[in-house]
Amino acid sequence: MSSDSVKSFSSLETPGYVGFANLPNQVHRKSVKKGFEFTLMVVGESGLGKSTLVNALFLTDLYPERVIPDATEKMAQTVKLEPSTVEIEERGVKLRLTVVDTPGYGDAIDNTDSFTEIIRYIDEQFERFLRDESGLNRKNIMDNRIHCCFYFISPFGHGLKPLDVEFMKQLHNKVNIVPVIAKADVLTKKEMTRLKQKVLDEIRENGIRIYTLPECDSDEDEEYKEQVRQLKEAVPFAVCGANTLLEVRGRKVRGRLYPWGVVEVENPDHCDFIKLRSMLITHMQDLQELTQQVHYENYRSERLAKGVPPPKRNTLIEDKNVVVSDKDRILQEKEAELKRMQEMIVAMQAKMQMQQ
Ligand code: GDP
């Protein structure tokens, strides 16, 4: 799919229901009216089922024009970051979802570049946000920061690979990582339990911080507490994806047909697909808040500590539609000055802290 193209998509046109209409419970009414923005990054070796899963999660074809490179092309190719955006509307709630795919990840013989490209992309989104925040049209900033990263782990190995460990270590300070075991249908129940435990142990041993669901408030109802407990227990989510609808005992289900039976994607006895989707939907706001309060703040303070001033943005030239009166300009200049002073104070504080 071409970069940044936007498609309109209504759940009424397709079977199934994603569940975004539950978002008003989490977000302010104002954001519901305006629409909700969320960016998800998917990372993992090619062929692990990332595209299939994303399409099944959001009931849409995010990559209609996808071309899969052959081995020779892959050797020459570095990681390419491809954002695709869909607008999903359910019961009047709009979600502008951007999925950033990372084709080419792990394909090279030396994968150092894989990280560099991904880190650069994440930082670029932070930088753009920082610049827009100090610009004129602050109320209408488009938030393209990565709010969540699904990291796909191969079901064929015996736990994490060195590449997985290295990626998560380098990225855990920049993004909320949700580890996902791909193609769960190739594992027996016992193998799955063992692999999940091994992955969790290795995450802990390597000091990797993954996204953890927040504790429930004590006054939350029991049903919700139980749901969160089950979600926590399922980490790392073992998922299967499919984009075909099959008929099983008179019901239409999304599944994978094998000679011995059907793996139902949305059956919690078969895999954690539903849990992963519930986690994402019920915790979208938490993921956004962590992005703002932890990862973006990390980026901002690091940048200020380095003493680099935020980029100046010439709003008069860039936003052709914005007409700025003299009064506005003076106000804007005063605001910018205040901001610069605040940033200097933060930078000085950071320096003093470092010296201490
Ligand atoms: P990507 O390169 O990671 O985006 O992977 P794709 O989504 O293109 O899938 C690669 C291959 O794996 C395709 O043949 C899919 O049909 C298959 N596939 C996708 N999801 C699953 C799954 O959950 N289980 C199994 N067994 N195969 C899958």
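In each ligand, atom 1 is the first atom listed, and ligand 1 is the first ligand listed. This one's a predicted model, so the numbers in the text were calculated from it and none came from an experiment.
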J.: Can you list the atoms of ligand 1 that are under 4.0 Å from a heavy atom of Ser46?
T.: 2 (O)
J.: Is the distance between the ring centroids of Tyr299 and Phe129 less than 6.0 Å?
T.: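 No, too far apart.
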J.: Indicate, as side chain, backbone, both or neither, the part of Asp185 found under 4.0 angstrom from ligand 1 when only non-hydrogen atoms are considered.
T.: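 Looking at Asp185 and ligand 1, just side chain atoms fall under 4.0 Å.
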J.: What about Val186: any of its N or O atoms under 3.5 Å from an N or O on ligand 1?
T.: no
J.: Would Gln288 and Gln292 satisfy side-chain hydrogen bond (donor to acceptor under 3.5 Å, both in side chains), going step by step from the backbone distance to the final call?
T.: CA-CA 6 Å; Gln288 283 184 320; Gln292 167 73 25; over 6 Å; no
J.: Any donor-acceptor pair under 3.5 Å linking the side chain of Lys183 with the backbone of Gly47?
T.: yes
J.: For Asn176 and His172, which I'm curious about, is there any donor-acceptor pair between the side chains at under 3.5 Å?
T.: no
J.: Is Arg256 in polar range of ligand 1, meaning some N or O pair under 3.5 Å apart?
T.: yes
J.: Polar-atom distance check: Leu48 versus ligand 1, any N or O pair below 3.5 Å?
T.: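 It does: an N or O of Leu48 is found under 3.5 Å from an N or O of ligand 1.
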J.: Taking Glu202 for its side chain and Leu160 for its backbone only, find out whether a donor-acceptor pair lies under 3.5 Å.
T.: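 Between the backbone of Leu160 and the side chain of Glu202 there is a qualifying donor-acceptor contact (under 3.5 Å).
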J.: Pull out every atom of ligand 1 sitting under 4.0 Å from any heavy atom of Gly49, numbered as shown with elements.
T.: 1 (P), 3 (O), 5 (O), 6 (P), 7 (O), 9 (O), 19 (C), 20 (N)
J.: Can you see whether Tyr296 has Arg145 sitting over its ring - NZ or CZ less than 6.0 Å from the centre and within 45° of the normal?
T.: yes
J.: Show the atoms of ligand 1 that are less than 4.0 angstrom away from any heavy atom in Lys50.
T.: 1 (P), 3 (O), 4 (O), 5 (O), 7 (O)
J.: Mind checking whether Cys240 has an N or O less than 3.5 Å away from an N or O of ligand 1?
T.: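 Such a contact does not occur with ligand 1.
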J.: Just heavy atoms, cut-off under 4.0 Å: does Tyr105 contact ligand 1 by side chain, backbone, both, or neither?
T.: neither
J.: Could you please spell out the steps behind the side-chain hydrogen bond (donor to acceptor under 3.5 Å, both in side chains) verdict for Glu223 and Gln227?
T.: CA-CA 6 Å; Glu223 201 185 322; Gln227 191 201 355; over 6 Å; no
